[in-house]
Structures are given as structure tokens and as C-alpha cells.
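Below you'll find the structure, written out as C-alpha cells, and then a few comments.
These numbers were taken from a predicted model, which means no experiment stands behind them.
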Amino acid sequence: MAKFMDVHHSMKGITEEQLREAHNADLAIEGDESVHFERAWADPESGLVYCLSEAPSAEAVQRIHERAGHKADEIHPVPLMVQ
């Protein structure tokens, strides 16, 4: 499975509760596409939201986000990570 970082641009003013609800909506159906959403981050001021996932493809990530009601504007593969 590959890692992906997706970006949502239009979530200005998002609250922690709304971010958690959106993340939980993804988690509730992620198994349908063999996706696992690991984390989500948000900048309420700019409206940017980032999600890190493990998935078979970017298309699978997008299908889950679309079904959960928040289509990603960008999805990027993450082939290299350090901790």
C-alpha cells in the first residue's frame, strides 16, 4: 500500500469538531476501498485541510472522500518519509 497526502482548499473556519466529524465520516467507510486515513490537520484561517492515508491508489482515496461529502482538491503520493 502507498501513502497519500490529500489537500482540501475550501474549509475556511473549520472547527476541531467539524474536522473530527469529517475524519470520522472517512473512517466509517474507508474499508470499502481498502483505505486507511491516519491523520488530518487543518488551518481554519486559510481553509486548508490535509489528510494522510494509506491506500491502493489516489482514486480510492478520492472515492472515500467523495462519498463522505468532502472531495479532495489535490491528492499527492508520499513515496518517502522520515520521522
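Judged by distance alone, with hydrogens and angles left aside, the side-chain atoms of Gln62 form a donor-acceptor pair with the main-chain N or O of Ala72 at under 3.5 Å. Between the side chain of Glu30 and the backbone N or O of Phe37, at least one donor-acceptor pair lies under 3.5 Å. Panel note: side chain Ser46, backbone Leu48; a donor-acceptor pair is recorded below 3.5 Å.
Linking Ile, Leu, Val, Met, Phe, Trp and Tyr residues whenever their side-chain heavy atoms come within less than 4.5 Å places Val78 and Tyr50 in a single cluster. Linking Ile, Leu, Val, Met, Phe, Trp and Tyr whenever their side-chain heavy atoms come within less than 4.5 Å leaves Met5 and Ile14 in two separate clusters. Residues Val61 and Trp41 fall into different hydrophobic clusters, defined by Ile, Leu, Val, Met, Phe, Trp and Tyr side chains chained together at heavy-atom separations under 4.5 Å. No single ILVMFWY cluster, assembled from side-chain heavy atoms under 4.5 Å apart, contains both Val35 and Met81.
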Extract all donor-acceptor atom pairs below 3.5 Å that involve side chains of residues 18-25 and protein atoms in other chains or at least two apart in sequence.
{"residue": "Gln18", "atom": "OE1", "partner": "Thr15", "partner atom": "N", "Å": "2.9"}
{"residue": "Gln18", "atom": "OE1", "partner": "Thr15", "partner atom": "OG1", "Å": "3.3"}
{"residue": "Arg20", "atom": "NH2", "partner": "Glu16", "partner atom": "OE2", "Å": "2.7"}
{"residue": "Asn24", "atom": "ND2", "partner": "Arg20", "partner atom": "O", "Å": "3.4"}

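One distance of note links CD1 of Ile64 with CG of Asp26; it measures 7.5 Å at 0.5 Å rounding. Taking CE of Met1 as the reference point, atom OG of Ser57 lies at 9.5 Å (rounded to 0.5 Å).
Side-chain atoms of Lys12 and Pro44, non-hydrogen and from C-beta on, never get closer than 4.5 Å to each other. With a 4.5 Å cut-off on side-chain heavy atoms, His70 and Met11 count as touching.
The pair Arg67-Asp32 meets the salt-bridge criterion, with a side-chain N (NZ, NE, NH1 or NH2) lying under 4.0 Å from an Asp/Glu carboxylate O. Look at Lys3 and Glu38 and you find a salt bridge, because one of the NZ, NE, NH1 or NH2 atoms lies within 4.0 Å of a carboxylate O, short of that distance.
Closest approach of His76 and Val7 over heavy atoms only: CD2-CG2, 4.3 Å. Across all their heavy atoms, His8 and His65 have their closest contact at NE2-NE2, 3.5 Å.
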